[in-house]
Visitor: 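The structure is given below, and queries will be raised subsequently.
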Amino acid sequence: VDVAPKFPGNGMARLPLPNNWKPRDYQVPLWEYLSAGGRNAVAAWHRRAGKDDVLLNHLACAAHERVANYWYCLPAYAQARKALWEAVSPHTGQRRIDQAFPKELREATSEQEMRIKFKCGSSLQLIGSDSFDSVVGSTPAGIVFSEYALSNPAAYAFFRPILLENNGWATFVSTPRGKNHFKSMYDFARKTPGWFCQLLTAEQTGVFTKEQLANELEEYQAQHGDVFGESIYRQEYECSFEAAILGSIWGDLVARADRAGRIGDVPHQEGVPVHTAWDLGFTDDTAIWFFQMVYGEVHVIDYAENAGRGVDYYADLLKGRVTQSGYQYGTHFLPHDARARTLAAGGKS
(Lines give C-alpha, C1' and ligand atoms only; values in the text may rest on other atoms or scores of the structure.)
Protein backbone atom coordinates (compact mmCIF):
# COMPACT_ATOMS: atom_id res chain seq x y z
CA VAL A 1 0.00 0.00 0.00
CA ASP A 2 1.38 3.42 -0.97
CA VAL A 3 -0.37 5.61 1.59
CA ALA A 4 0.43 9.10 0.26
CA PRO A 5 -1.42 8.94 -3.10
CA LYS A 6 -4.42 7.24 -1.50
CA PHE A 7 -4.93 9.96 1.11
CA PRO A 8 -3.78 13.25 -0.47
CA GLY A 9 -3.66 16.44 1.55
CA ASN A 10 -3.45 14.86 4.99
CA GLY A 11 0.22 15.60 5.59
CA MET A 12 1.47 12.05 5.20
CA ALA A 13 4.81 11.40 3.61
CA ARG A 14 5.10 8.88 0.81
CA LEU A 15 5.47 5.64 2.73
CA PRO A 16 4.94 2.12 1.40
CA LEU A 17 3.41 -0.52 3.65
CA PRO A 18 4.47 -2.96 4.99
CA ASN A 19 7.26 -0.85 6.46
CA ASN A 20 10.67 -2.51 6.00
CA TRP A 21 9.12 -5.98 6.37
CA LYS A 22 8.29 -8.80 4.03
CA PRO A 23 6.77 -12.22 4.73
CA ARG A 24 8.91 -15.31 4.96
CA ASP A 25 8.30 -17.97 2.33
CA TYR A 26 5.94 -20.03 4.47
CA GLN A 27 4.00 -16.89 5.49
CA VAL A 28 3.27 -15.91 1.88
CA PRO A 29 0.03 -17.96 1.42
CA LEU A 30 -1.62 -16.30 4.43
CA TRP A 31 -0.28 -12.88 3.47
CA GLU A 32 -1.53 -13.18 -0.11
CA TYR A 33 -4.95 -14.39 1.01
CA LEU A 34 -5.37 -11.41 3.34
CA SER A 35 -3.89 -8.93 0.86
CA ALA A 36 -6.38 -10.08 -1.78
CA GLY A 37 -9.28 -9.24 0.52
CA GLY A 38 -9.75 -12.57 2.27
CA ARG A 39 -12.12 -12.13 5.20
CA ASN A 40 -11.67 -15.19 7.40
CA ALA A 41 -8.49 -17.08 8.16
CA VAL A 42 -7.34 -19.65 10.71
CA ALA A 43 -3.61 -20.32 11.09
CA ALA A 44 -2.34 -22.99 13.47
CA TRP A 45 1.38 -22.22 13.48
CA HIS A 46 4.11 -23.48 15.76
CA ARG A 47 5.69 -21.33 18.44
CA ARG A 48 7.88 -18.46 17.11
CA ALA A 49 6.63 -18.81 13.52
CA GLY A 50 5.91 -15.06 13.30
CA LYS A 51 2.14 -15.08 13.62
CA ASP A 52 1.88 -11.57 15.06
CA ASP A 53 4.41 -10.12 12.59
CA VAL A 54 2.17 -11.11 9.68
CA LEU A 55 -1.03 -9.84 11.25
CA LEU A 56 0.34 -6.55 12.59
CA ASN A 57 1.62 -5.64 9.15
CA HIS A 58 -1.63 -6.74 7.55
CA LEU A 59 -3.56 -4.45 9.89
CA ALA A 60 -1.30 -1.54 8.94
CA CYS A 61 -2.21 -2.09 5.29
CA ALA A 62 -5.89 -2.76 5.96
CA ALA A 63 -6.24 0.47 7.94
CA HIS A 64 -5.09 2.41 4.87
CA GLU A 65 -7.20 0.50 2.39
CA ARG A 66 -10.48 1.00 4.24
CA VAL A 67 -11.01 3.77 6.79
CA ALA A 68 -12.41 2.06 9.88
CA ASN A 69 -11.63 0.89 13.41
CA TYR A 70 -9.49 -2.23 13.87
CA TRP A 71 -8.78 -4.34 16.95
CA TYR A 72 -5.98 -6.70 17.88
CA CYS A 73 -7.17 -9.09 20.58
CA LEU A 74 -4.91 -11.18 22.81
CA PRO A 75 -6.09 -13.53 25.59
CA ALA A 76 -5.48 -10.92 28.30
CA TYR A 77 -5.26 -7.13 28.26
CA ALA A 78 -2.00 -7.18 30.22
CA GLN A 79 -0.57 -9.67 27.73
CA ALA A 80 -1.41 -7.34 24.83
CA ARG A 81 0.63 -4.59 26.47
CA LYS A 82 3.58 -6.81 27.29
CA ALA A 83 3.75 -8.93 24.13
CA LEU A 84 2.94 -6.30 21.50
CA TRP A 85 2.64 -2.71 22.72
CA GLU A 86 5.85 -2.61 24.78
CA ALA A 87 7.76 -5.50 23.18
CA VAL A 88 10.93 -4.73 21.24
CA SER A 89 11.76 -6.69 18.10
CA PRO A 90 15.11 -8.50 18.47
CA HIS A 91 15.64 -8.10 14.73
CA THR A 92 15.31 -4.29 14.51
CA GLY A 93 15.62 -2.94 18.06
CA GLN A 94 12.31 -1.07 17.56
CA ARG A 95 9.08 -1.52 19.43
CA ARG A 96 7.02 -3.95 17.41
CA ILE A 97 4.11 -1.54 17.35
CA ASP A 98 6.32 1.27 15.98
CA GLN A 99 7.80 -0.90 13.28
CA ALA A 100 4.43 -2.05 11.93
CA PHE A 101 2.74 1.34 12.39
CA PRO A 102 5.32 4.10 11.67
CA LYS A 103 4.80 7.33 13.57
CA GLU A 104 4.67 9.23 10.26
CA LEU A 105 1.21 7.70 9.73
CA ARG A 106 -0.20 8.67 13.12
CA GLU A 107 -2.30 11.56 14.22
CA ALA A 108 -2.35 10.53 17.88
CA THR A 109 -1.15 7.71 20.12
CA SER A 110 -2.68 6.79 23.48
CA GLU A 111 -0.20 4.80 25.54
CA GLN A 112 -2.77 4.19 28.27
CA GLU A 113 -5.48 2.82 25.95
CA MET A 114 -3.00 1.18 23.55
CA ARG A 115 -4.75 2.99 20.73
CA ILE A 116 -3.41 4.61 17.55
CA LYS A 117 -5.34 7.17 15.52
CA PHE A 118 -4.06 7.34 11.93
CA LYS A 119 -4.01 10.46 9.75
CA CYS A 120 -6.13 8.64 7.18
CA GLY A 121 -8.99 8.41 9.72
CA SER A 122 -8.62 4.78 10.78
CA SER A 123 -7.73 3.59 14.27
CA LEU A 124 -6.12 0.55 15.85
CA GLN A 125 -6.58 -0.63 19.44
CA LEU A 126 -5.07 -3.53 21.35
CA ILE A 127 -7.57 -5.31 23.60
CA GLY A 128 -7.82 -8.46 25.73
CA SER A 129 -10.46 -11.18 25.55
CA ASP A 130 -10.61 -11.02 29.35
CA SER A 131 -12.16 -7.54 29.14
CA PHE A 132 -13.82 -7.50 25.71
CA ASP A 133 -16.94 -5.76 27.02
CA SER A 134 -14.84 -2.67 27.82
CA VAL A 135 -14.78 -1.72 24.11
CA VAL A 136 -18.53 -2.00 23.61
CA GLY A 137 -19.91 0.74 21.38
CA SER A 138 -17.04 0.68 18.88
CA THR A 139 -17.57 -0.68 15.38
CA PRO A 140 -14.49 -2.56 14.13
CA ALA A 141 -14.15 -3.60 10.51
CA GLY A 142 -11.45 -6.15 11.29
CA ILE A 143 -10.27 -8.10 14.33
CA VAL A 144 -7.21 -10.28 14.82
CA PHE A 145 -7.51 -12.92 17.54
CA SER A 146 -3.95 -13.83 18.50
CA GLU A 147 -3.29 -16.97 20.61
CA TYR A 148 -6.95 -17.75 20.18
CA ALA A 149 -6.58 -21.15 21.87
CA LEU A 150 -5.97 -19.29 25.15
CA SER A 151 -8.61 -16.60 24.58
CA ASN A 152 -12.12 -16.35 25.92
CA PRO A 153 -14.32 -17.60 23.03
CA ALA A 154 -17.17 -15.41 24.30
CA ALA A 155 -15.30 -12.40 22.90
CA TYR A 156 -15.72 -13.54 19.29
CA ALA A 157 -19.33 -14.53 19.94
CA PHE A 158 -19.93 -10.98 21.20
CA PHE A 159 -18.17 -9.32 18.26
CA ARG A 160 -19.67 -11.43 15.46
CA PRO A 161 -22.85 -9.34 14.98
CA ILE A 162 -20.73 -6.17 14.78
CA LEU A 163 -18.51 -7.64 12.09
CA LEU A 164 -21.52 -8.94 10.19
CA GLU A 165 -23.13 -5.51 10.17
CA ASN A 166 -19.87 -3.84 9.05
CA ASN A 167 -19.02 -6.45 6.43
CA GLY A 168 -15.90 -6.98 8.52
CA TRP A 169 -13.36 -9.76 8.82
CA ALA A 170 -11.74 -11.83 11.55
CA THR A 171 -8.50 -13.79 11.61
CA PHE A 172 -7.56 -16.41 14.21
CA VAL A 173 -3.93 -17.39 14.81
CA SER A 174 -2.62 -19.62 17.55
CA THR A 175 -0.56 -22.57 18.62
CA PRO A 176 -2.92 -25.42 19.65
CA ARG A 177 -3.84 -26.10 23.27
CA GLY A 178 -5.81 -29.32 23.09
CA LYS A 179 -9.20 -29.91 21.51
CA ASN A 180 -10.81 -26.66 22.57
CA HIS A 181 -12.58 -23.82 20.74
CA PHE A 182 -9.54 -23.17 18.52
CA LYS A 183 -9.65 -26.78 17.32
CA SER A 184 -13.35 -26.32 16.54
CA MET A 185 -12.60 -23.14 14.62
CA TYR A 186 -9.77 -24.87 12.74
CA ASP A 187 -12.03 -27.79 11.77
CA PHE A 188 -14.75 -25.40 10.62
CA ALA A 189 -12.34 -23.36 8.50
CA ARG A 190 -10.83 -26.46 6.94
CA LYS A 191 -14.17 -27.57 5.50
CA THR A 192 -15.74 -24.18 4.73
CA PRO A 193 -15.28 -22.66 1.24
CA GLY A 194 -13.75 -19.19 1.23
CA TRP A 195 -11.93 -19.64 4.52
CA PHE A 196 -8.15 -19.81 4.72
CA CYS A 197 -6.90 -22.67 6.87
CA GLN A 198 -3.30 -23.73 7.45
CA LEU A 199 -1.28 -25.77 9.92
CA LEU A 200 2.49 -25.33 9.98
CA THR A 201 4.97 -27.36 12.01
CA ALA A 202 8.54 -26.36 12.86
CA GLU A 203 9.81 -28.99 10.44
CA GLN A 204 7.79 -27.44 7.62
CA THR A 205 8.91 -23.84 8.20
CA GLY A 206 12.59 -24.44 8.88
CA VAL A 207 12.70 -21.67 11.50
CA PHE A 208 14.74 -23.93 13.78
CA THR A 209 17.52 -26.38 12.99
CA LYS A 210 17.11 -30.08 13.68
CA GLU A 211 19.67 -29.73 16.46
CA GLN A 212 17.68 -26.94 18.12
CA LEU A 213 14.48 -28.96 17.96
CA ALA A 214 16.22 -32.03 19.39
CA ASN A 215 17.50 -29.92 22.28
CA GLU A 216 14.01 -28.56 22.91
CA LEU A 217 12.57 -32.07 23.06
CA GLU A 218 15.33 -33.20 25.39
CA GLU A 219 14.76 -30.27 27.75
CA TYR A 220 10.97 -30.76 27.83
CA GLN A 221 11.44 -34.44 28.67
CA ALA A 222 14.00 -33.66 31.37
CA GLN A 223 11.55 -31.26 33.02
CA HIS A 224 8.26 -33.13 32.55
CA GLY A 225 9.12 -36.78 31.92
CA ASP A 226 9.51 -38.65 28.64
CA VAL A 227 5.84 -39.06 27.71
CA PHE A 228 4.46 -35.74 28.87
CA GLY A 229 7.57 -33.84 27.76
CA GLU A 230 7.17 -35.20 24.25
CA SER A 231 3.48 -34.29 24.38
CA ILE A 232 4.31 -30.65 25.15
CA TYR A 233 6.92 -30.63 22.39
CA ARG A 234 4.37 -31.97 19.89
CA GLN A 235 1.96 -29.24 20.93
CA GLU A 236 4.39 -26.34 20.68
CA TYR A 237 6.44 -27.35 17.63
CA GLU A 238 4.30 -29.87 15.73
CA CYS A 239 0.96 -28.12 16.36
CA SER A 240 -0.62 -31.27 17.72
CA PHE A 241 -4.18 -30.83 18.96
CA GLU A 242 -3.90 -34.25 20.62
CA ALA A 243 -1.17 -33.29 23.09
CA ALA A 244 -2.05 -33.48 26.76
CA ILE A 245 -2.75 -30.30 28.68
CA LEU A 246 0.12 -29.13 30.89
CA GLY A 247 -0.79 -29.51 34.54
CA SER A 248 -3.56 -32.07 34.02
CA ILE A 249 -3.42 -34.87 36.59
CA TRP A 250 -3.78 -37.73 34.12
CA GLY A 251 -2.33 -35.94 31.09
CA ASP A 252 0.71 -38.17 30.69
CA LEU A 253 -1.38 -41.33 30.95
CA VAL A 254 -3.90 -40.09 28.39
CA ALA A 255 -1.05 -39.16 26.05
CA ARG A 256 0.47 -42.62 26.49
CA ALA A 257 -2.87 -44.30 25.75
CA ASP A 258 -3.29 -42.14 22.66
CA ARG A 259 0.18 -42.96 21.33
CA ALA A 260 -0.46 -46.68 21.94
CA GLY A 261 -3.65 -46.57 19.87
CA ARG A 262 -5.88 -47.30 22.87
CA ILE A 263 -8.24 -44.36 22.29
CA GLY A 264 -10.89 -44.82 19.62
CA ASP A 265 -14.34 -46.30 19.03
CA VAL A 266 -14.92 -49.07 21.59
CA PRO A 267 -18.17 -50.98 20.94
CA HIS A 268 -20.59 -52.18 23.61
CA GLN A 269 -20.37 -55.96 24.07
CA GLU A 270 -23.83 -57.44 24.53
CA GLY A 271 -24.20 -59.87 27.41
CA VAL A 272 -21.28 -58.33 29.35
CA PRO A 273 -22.16 -56.24 32.46
CA VAL A 274 -21.71 -52.48 32.15
CA HIS A 275 -20.14 -50.94 35.27
CA THR A 276 -20.15 -47.22 36.08
CA ALA A 277 -17.69 -45.04 38.01
CA TRP A 278 -18.88 -41.68 39.33
CA ASP A 279 -17.54 -38.31 40.41
CA LEU A 280 -20.35 -36.40 42.13
CA GLY A 281 -20.91 -32.68 41.77
CA PHE A 282 -23.63 -30.07 41.67
CA THR A 283 -22.11 -26.66 41.01
CA ASP A 284 -19.36 -28.50 39.13
CA ASP A 285 -19.96 -31.54 36.93
CA THR A 286 -21.11 -34.98 37.91
CA ALA A 287 -19.14 -37.32 35.67
CA ILE A 288 -20.06 -40.93 34.88
CA TRP A 289 -17.77 -43.39 33.09
CA PHE A 290 -19.31 -46.57 31.62
CA PHE A 291 -16.99 -49.55 31.21
CA GLN A 292 -16.95 -53.31 30.66
CA MET A 293 -14.43 -55.99 31.57
CA VAL A 294 -13.84 -57.97 28.37
CA TYR A 295 -11.32 -60.85 28.49
CA GLY A 296 -9.43 -59.09 31.28
CA GLU A 297 -9.36 -55.73 29.48
CA VAL A 298 -11.04 -52.53 30.64
CA HIS A 299 -13.22 -51.25 27.78
CA VAL A 300 -14.44 -47.67 28.43
CA ILE A 301 -17.51 -47.48 26.17
CA ASP A 302 -19.43 -44.37 27.23
CA TYR A 303 -19.32 -41.18 29.26
CA ALA A 304 -21.83 -38.61 30.54
CA GLU A 305 -21.60 -35.39 32.56
CA ASN A 306 -23.80 -32.54 33.67
CA ALA A 307 -24.07 -29.93 36.42
CA GLY A 308 -26.88 -28.56 38.55
CA ARG A 309 -28.85 -31.83 38.41
CA GLY A 310 -30.21 -34.08 41.15
CA VAL A 311 -29.89 -37.84 41.61
CA ASP A 312 -33.22 -38.44 39.87
CA TYR A 313 -31.80 -36.97 36.64
CA TYR A 314 -28.85 -39.37 36.63
CA ALA A 315 -31.08 -42.33 37.53
CA ASP A 316 -33.20 -41.55 34.47
CA LEU A 317 -30.02 -41.17 32.41
CA LEU A 318 -28.89 -44.67 33.37
CA LYS A 319 -32.34 -46.11 32.66
CA GLY A 320 -32.25 -44.43 29.26
CA ARG A 321 -29.04 -46.24 28.38
CA VAL A 322 -30.82 -49.53 29.08
CA THR A 323 -33.63 -48.85 26.60
CA GLN A 324 -31.47 -47.08 24.00
CA SER A 325 -28.29 -49.17 24.07
CA GLY A 326 -29.24 -52.39 25.84
CA TYR A 327 -26.93 -51.91 28.80
CA GLN A 328 -27.10 -54.52 31.56
CA TYR A 329 -25.57 -52.95 34.65
CA GLY A 330 -23.09 -54.60 36.96
CA THR A 331 -21.59 -52.45 39.76
CA HIS A 332 -21.97 -48.70 40.24
CA PHE A 333 -18.83 -47.31 41.89
CA LEU A 334 -19.53 -44.13 43.90
CA PRO A 335 -17.09 -41.88 45.81
CA HIS A 336 -17.11 -41.61 49.60
CA ASP A 337 -19.26 -38.47 49.64
CA ALA A 338 -22.21 -40.52 48.34
CA ARG A 339 -22.59 -41.82 51.93
CA ALA A 340 -23.51 -38.38 53.26
CA ARG A 341 -27.13 -37.97 54.37
CA THR A 342 -28.60 -34.59 53.38
CA LEU A 343 -31.63 -32.59 54.40
CA ALA A 344 -32.50 -32.04 50.73
CA ALA A 345 -32.72 -35.80 50.23
CA GLY A 346 -34.95 -36.28 53.24
CA GLY A 347 -32.15 -37.59 55.41
CA LYS A 348 -31.11 -40.19 52.86
CA SER A 349 -27.70 -40.81 51.30
Side-chain angles (χ1 to χ4, degrees), residues 30 33-34 38-47 49 51-52 54-56 58-59 69-84 114 124-200 232 235-236 239-248 251 254 281 283-285 287 303 305-308:
L30 174 59
Y33 169 85
L34 296 172
R39 296 180 56 201
N40 299 107
V42 175
W45 288 4
H46 69 84
R47 190 67 57 207
K51 298 181 286 289
D52 288 318
V54 175
L55 274 302
L56 285 171
H58 169 62
L59 273 181
N69 301 318
Y70 297 88
W71 293 343
Y72 207 103
C73 183
L74 270 78
Y77 185 81
Q79 182 182 2
R81 180 173 296 279
K82 182 178 179 180
L84 292 183
M114 293 190 291
L124 167 78
Q125 187 165 10
L126 272 58
I127 63 174
S129 71
D130 59 340
S131 56
F132 62 87
D133 52 351
S134 65
V135 291
V136 66
S138 301
T139 54
I143 307 177
V144 172
F145 291 90
S146 179
E147 295 300 341
Y148 187 62
L150 300 175
S151 296
N152 181 356
Y156 178 54
F158 185 83
F159 295 147
R160 283 184 63 182
I162 302 174
L163 294 173
L164 182 63
E165 181 184 13
N166 294 339
N167 192 31
W169 53 266
T171 295
F172 308 85
V173 293
S174 189
T175 301
R177 284 297 176 96
K179 294 183 178 181
N180 61 4
H181 55 279
F182 180 57
K183 175 62 161 59
S184 300
M185 183 69 75
Y186 174 83
D187 290 340
F188 175 80
R190 188 170 53 177
K191 65 183 181 181
T192 304
W195 278 65
F196 177 93
C197 186
Q198 185 183 47
L199 187 149
L200 288 177
I232 301 172
Q235 172 184 276
E236 297 299 309
C239 288
S240 171
F241 288 99
E242 310 295 332
I245 299 173
L246 181 63
S248 61
V254 173
T283 55
D284 57 349
D285 286 346
Y303 174 78
E305 69 176 11
N306 213 317

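Because the structure is a prediction, the values reported are computed rather than measured. Start at 1 with the first residue, then count along the sequence.
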Visitor: Hey, could you give me the CD/OG1 distance between E147 and T175, rounded to the nearest 0.5 Å?
Guide: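 One gets 5.0 Å once the value is rounded to the nearest 0.5 Å.
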Visitor: Heavy-atom distance under 4.5 Å between the side chains of W71 and V144, does that happen here?
Guide: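 Not in contact.
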Visitor: Give, for atom CG of L84 and atom CE of M114, the distance between the pair rounded to the nearest 0.5 Å.
Guide: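 CE of M114 is found 8.5 Å from CG of L84.
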Visitor: Quick one: sort the F172 and F145 rings into parallel, tilted or perpendicular, breaks at 30° and 60°.
Guide: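 Rings of F172 and F145: parallel, as their planes differ by under 30°.
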Visitor: Is there a side chain to side chain contact (heavy atoms under 4.5 Å, CB included) between I143 and Y70 once you walk through the steps?
Guide: CA-CA 6 Å; I143 307 177; Y70 297 88; over 6 Å; no
Visitor: Nearest heavy-atom pair of A76 and D130: which atoms, and what distance?
Guide: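 Closest approach of A76 to D130: CA-OD1, 3.4 Å.
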Visitor: To check you understand the geometry: which heavy-atom pair defines the closest contact between G128 and C73, and what is its length?
Guide: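 For G128 versus C73, the nearest heavy atoms are C-SG, 4.0 Å.
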Visitor: Would you find a donor on one side and an acceptor on the other, under 3.5 Å apart, between the side chain of N152 and the backbone of A154?
Guide: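 Checked: pair present.
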Visitor: I need the R39 CZ to Y33 OH distance, nearest 0.5 Å.
Guide: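 Here the interatomic distance stands at 8.5 Å.
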Visitor: Taking the side chain as every heavy atom from C-beta outward, state whether E236 and R177 have any pair of such atoms under 4.5 Å apart.
Guide: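 Yes, their side chains come closer than 4.5 Å.
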Visitor: Can you tell me how far CG of L150 sits from OG of S174, rounded to the nearest 0.5 angstrom?
Guide: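 With rounding to 0.5 Å, OG (S174) is 6.0 Å from CG (L150).
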Visitor: Compute both the distance and the angle, then confirm whether K179 meets the cation-pi test with F241: under 6.0 Å from the six-membered ring centre, within 45 degrees of the axis.
Guide: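 No, K179 and F241 do not form such a contact.
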Visitor: Closest heavy-atom contact between A157 and P161?
Guide: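 Heavy atoms of A157 and P161 come nearest at O-CD, 3.6 Å.
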Visitor: Who are the salt bridge (charged side-chain N to carboxylate O under 4.0 Å, His left out) partners of R190, not counting sequence neighbours?
Guide: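 Here the qualifying residues are D187.
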Visitor: Taking C-beta and beyond as the side chain, do L126 and L124 meet within less than 4.5 Å on heavy atoms?
Guide: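 Yes, side chains in contact.
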Visitor: Please confirm whether Y148 and H181 have ring centers closer than 6.0 angstrom.
Guide: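 Yes, the ring of Y148 comes within the 6.0 Å limit of the ring of H181, centre to centre.
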Visitor: For residues I162 and P140, determine if any side-chain heavy atom of one lies less than 4.5 Å from a side-chain heavy atom of the other.
Guide: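 In short, these two side chains touch, coming nearer than 4.5 Å.
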Visitor: According to the interplanar angle, ranging from 0 to 90°, do the rings of F188 and W195 count as parallel (below 30°), tilted (30 to 60°) or perpendicular (above 60°)?
Guide: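 Ring orientation of F188 relative to W195: perpendicular.
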Visitor: Do L55 and Y72 have side chains that get closer than 4.5 Å, going by heavy atoms?
Guide: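 Side-chain contact under 4.5 Å: yes.
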Visitor: Is there side-chain contact between F196 and N40, with heavy atoms separated by less than 4.5 Å?
Guide: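 Answer no - side chains too far apart.
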Visitor: What are the two closest non-hydrogen atoms of A149 and P176, and how far apart are they?
Guide: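 What the structure gives for the nearest pair is CB-C, 4.4 Å.
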Visitor: Can you tell me how far apart CD (Q79) and OG (S146) are? Round to the nearest 0.5 Å.
Guide: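 The CD atom of Q79 sits 7.5 Å away from the OG atom of S146.
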Visitor: Locate the shortest heavy-atom distance separating S129 from P75; write the atom from each residue and the value.
Guide: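 In terms of heavy atoms, the two residues are closest at OG-O, 2.7 Å.
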Visitor: Start with the C-alpha distance between Q235 and R47, add both sets of side-chain angles, then the distance that settles side chain to side chain contact (heavy atoms under 4.5 Å, CB included), and finish with yes or no.
Guide: CA-CA 9 Å; Q235 172 184 276; R47 190 67 57 207; 5.9 Å; no
Visitor: For a 4.5 angstrom cut-off between non-hydrogen side-chain atoms, does N306 reach D285?
Guide: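 A side-chain contact is absent here, since even the closest heavy-atom pair is not under 4.5 Å.
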Visitor: Y77 versus F132: any side-chain heavy-atom pair under 4.5 Å?
Guide: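 When only atoms from C-beta onward are counted, F132 and Y77 do not touch, as no gap falls below 4.5 Å.
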Visitor: Can you measure from CZ (R160) to CD (E165) and round to the nearest 0.5 angstrom?
Guide: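 If we round to the nearest 0.5 Å, R160:CZ and E165:CD are 14.5 Å apart.
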Visitor: For A43, give me all partners under side-chain contact (heavy atoms from CB on, under 4.5 Å), at least two apart in sequence or on another chain.
Guide: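 For A43, the residues satisfying side-chain contact (heavy atoms from CB on, under 4.5 Å) (neighbours in sequence not counted) are L30, W45, V173.
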